[in-house]
Asker: 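My questions will all concern the structure given below.
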Protein chains: 2
Amino acid sequence: MGVTKSEIFTKEQNDLSRIAKVLGHPARIAILQHLIKINACVCGELVKEIGLAQPTISQHLRELKGIGLIQGTVSGTSVCYCINKEQWKETAQLMALFFSSFSPSEKCCDKDSKC
Amino acid sequence: MGVTKSEIFTKEQNDLSRIAKVLGHPARIAILQHLIKINACVCGELVKEIGLAQPTISQHLRELKGIGLIQGTVSGTSVCYCINKEQWKETAQLMALFFSSFSPSEKCCDKDSKC
DNA sequence: TTTATTTATCGTAATATTGCAATTAACAAA
DNA sequence: TTTGTTAATTGCAATATTACGATAAATAAA
């Protein structure tokens with residue numbers, strides 16, 4: 001049915017997967033990496049930098065804005081985008097917390113272990 | 001057109017987004033969290049634990065296996081799943097590296113900064 | 001062998017995503 | 001005002017994802 005059953009999951013699971021989903025496209029990773037590399041604002045250069053049409057970039061920017069990872073400031077006819085420091089930190093911590101929740105133990109799917 | 005233009009992005013961007021995409025569904029986060037919580041193998045319990053049909057869970061498990069985050073061991077008629085330690089560590093490092101690539105600087109989209 | 005159990009696969013419907021051309025909106029400069 | 005520039009929005013086509021019923025495959029138990 002193409003529709004995710006969000007209601008049967010916890011807020012944490014939905015929050016984390018929402019962030020991951022937005023990061024789940026190479027163009028959006030590329031946009032973030034470019035904003036980081038330039039270390040300041042970028043306007044329409046992203047369209048040239050990434051090889052996608054302007055409406056497509058605009059759409060990806062909106063999704064990144066949707067989870068707060070970037071922010072845009074209007075400056076004349078152009079818009080400056082940059083990383084949102086606070087949200088970046090929060091998101092990084094959320095991810096780090098998730099990955100650190102697993103600590104390897106010996107008994108797992110080994111040949112003699114019973115399930 | 002619904003198809004991602006992977007060829008215009010770097011391997012790093014494609015790898016990272018591929019992982020994020022798989023993590024971008026609450027059911028797959030829930031599966032991982034349950035495997036972590038049980039700290040050992042789980043077989044068909046996942047179907048009861050998560051509220052989705054058996055073919056749906058099987059499909060999600062296949063995607064998680066696809067990026068190596070979990071592994072399955074056949075045991076009689078059932079299959080034991082657990083976290084793949086090595087891949088988990090590697091994935092965690094890849095994510096951590098990405099998030100640590102941004103270090104906040106002062107000049108960014110502030111009212112007086114020129115783009 | 002027959003039956004039961006468990007998981008993977010197939011097929012399909014509903015919905016979501018990706019990408020772009022065309023257009024609109026907003027502003028700056030003549 | 002008119003013209004040009006930049007970015008967002010709209011509309012649409014192609015493809016992907018999600019979910020599940022039905023079925024198949026594999027093994028265990030009777």
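Any value given below was found using the heavy atoms of this structure, including those in side chains, with hydrogens, waters and symmetry copies removed. Throughout, a chain's letter reflects where its sequence line sits, starting with A, and its residues are numbered from 1.
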Asker: Is the distance from OP1 or OP2 of C/dG19 to the nearest side-chain N or O of A/His25 less than 4.0 Å?
Answerer: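 It does, given that an N or O in the side chain of A/His25 lies less than 4.0 Å from OP1 or OP2 of C/dG19.
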
Asker: Side chain of A/Thr56: nearest nucleotide among D/dT9, C/dT17, C/dG19?
Answerer: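 Of all the options, the side chain of A/Thr56 is nearest to C/dG19.
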
Asker: Once hydrogens and angles are ignored, does a donor-acceptor distance under 3.5 Å link the base of C/dA8 to the side chain of B/Gln59?
Answerer: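 When only heavy-atom distances are counted, B/Gln59 does not reach the base of C/dA8 through any donor-acceptor pair under 3.5 Å.
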
Asker: Can you find a heavy atom in the side chain of A/Phe99 that is under 4.5 Å from one in the side chain of B/Met95?
Answerer: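 Yes; the side chains approach each other to less than 4.5 Å.
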
Asker: Nearest whole angstrom, please: distance from the C1' of D/dA24 to the CD of B/Gln54.
Answerer: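 It works out to 12 Å between those atoms.
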
Asker: Calculate the interatomic distance between B/Arg18 atom CZ and D/dT17 atom C1'; express it in whole Å.
Answerer: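 Between C1' of D/dT17 and CZ of B/Arg18: 15 Å.
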
Asker: Among D/dA8, D/dT9, C/dG19, which is the nearest nucleotide to the side chain of A/Leu61?
Answerer: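 Nucleotide nearest to A/Leu61's side chain: D/dA8.
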
Asker: If you count every heavy atom of other residues, nucleotides or ligands that lies below 6.0 Å from A/Gln87 atom CD, does the total exceed 12?
Answerer: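 Atom CD in A/Gln87 is packed in, count exceeds 12.
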
Asker: In terms of side-chain heavy atoms of A/Tyr81, which of D/dC20, D/dA7, C/dT7 is nearest?
Answerer: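 Of the candidates, D/dA7 comes closest.
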
Asker: Report the relative orientation of the aromatic rings in B/His25 and A/Phe9; use parallel for angles under 30°, tilted for 30 to 60°, perpendicular for over 60°.
Answerer: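 B/His25 vs A/Phe9 ring planes: perpendicular.
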
Asker: Expressed in angstrom and rounded to an integer, what is the separation of B/Leu64 atom CG from D/dT18 atom C1'?
Answerer: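 Between C1' of D/dT18 and CG of B/Leu64: 14 Å.
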
Asker: What nucleotide among C/dA26, D/dA19, D/dA16 has an atom nearest to a side-chain atom of A/Thr77?
Answerer: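 Nearest to the side-chain atoms of A/Thr77, counting from C-beta on, is C/dA26.
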
Asker: Looking only at the side chain of B/Lys5 (C-beta and beyond, no hydrogens), which of the listed nucleotides C/dA8, C/dC20, D/dA7 gets closest?
Answerer: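 Given the options C/dA8, C/dC20, D/dA7, the side chain of B/Lys5 is closest to C/dC20.
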
Asker: Using a heavy-atom cut-off of 4.0 Å across all strands, would you classify A/Leu52 as base, sugar-phosphate, or nothing?
Answerer: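 Counting heavy atoms under 4.0 Å across all strands, the contact made by A/Leu52 is with sugar-phosphate only.
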
Asker: Atom CD1 of A/Ile8 and atom P of D/dT18: how far apart are they, to the nearest Å?
Answerer: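 In whole Å, D/dT18 P lies 13 Å from A/Ile8 CD1.
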
Asker: Looking at A/His60, does any N or O in its side chain come under 4.0 Å of the phosphate oxygens OP1/OP2 on C/dT17?
Answerer: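 It does not, given that no N or O in the side chain of A/His60 lies less than 4.0 Å from OP1 or OP2 of C/dT17.
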
Asker: Can you find a side chain N or O atom of B/Arg62 that sits less than 4.0 Å from OP1 or OP2 on C/dT7?
Answerer: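 The answer is no; no side-chain N or O of B/Arg62 sits under 4.0 Å from OP1 or OP2.
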
Asker: Between A/Asn14 (CG) and D/dT18 (P), how many Å, whole number?
Answerer: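 In whole Å, D/dT18 P lies 13 Å from A/Asn14 CG.
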
Asker: C/dC10, D/dA7, C/dA16: which one has an atom nearest the side-chain heavy atoms of A/Val3?
Answerer: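 It is C/dA16.
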
Asker: Crowded around A/Glu12 CD? As in, over 12 foreign heavy atoms under 6.0 Å?
Answerer: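 Atom CD in A/Glu12 is not packed in, count stays at 12 or less.
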
Asker: Between C/dT15, C/dT18, D/dT18, which nucleotide has the shortest distance from any of its atoms to the side chain of B/Arg28?
Answerer: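 Of the options given, the side chain of B/Arg28 lies nearest D/dT18.
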
Asker: With a 3.5 Å cut-off and no angle check, do the side chains of B/Gln13 and B/Thr10 form a donor-acceptor pair?
Answerer: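 Judged by distance alone, the side chains do pair up.
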
Asker: Side chain of A/Lys21, heavy atoms from C-beta onward: which of C/dT17, D/dT17, D/dT9 has the nearest atom to it?
Answerer: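 The closest nucleotide is C/dT17.
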
Asker: Go nucleotide by nucleotide along DNA chain C from the 5' end; which of B/Ser58 and A/Val74 gets its closest nucleotide reached first?
Answerer: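 Taking each residue's closest nucleotide, the earlier one in sequence belongs to B/Ser58.
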
Asker: To the nearest 0.5 Å, what is the distance between CD on B/Gln33 and CZ on A/Phe102?
Answerer: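 Between B/Gln33 CD and A/Phe102 CZ, I get 13.5 Å after rounding to 0.5 Å.
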
Asker: With DNA chain D as reference, determine whether B/Glu63 or A/Lys65 sits nearer its 5' end, using the nearest nucleotide of each.
Answerer: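 Closer to the 5' end of DNA chain D: A/Lys65.
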
Asker: Roughly, in whole Å, what's the span from CD1 in B/Ile31 to C1' in D/dA19?
Answerer: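 Computing the B/Ile31:CD1 to D/dA19:C1' distance gives 13 Å.
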
Asker: What is the distance from CD1 of B/Ile29 to C1' of D/dT18, rounded to the nearest Å?
Answerer: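 For the pair B/Ile29 CD1 and D/dT18 C1', the rounded distance is 16 Å.
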
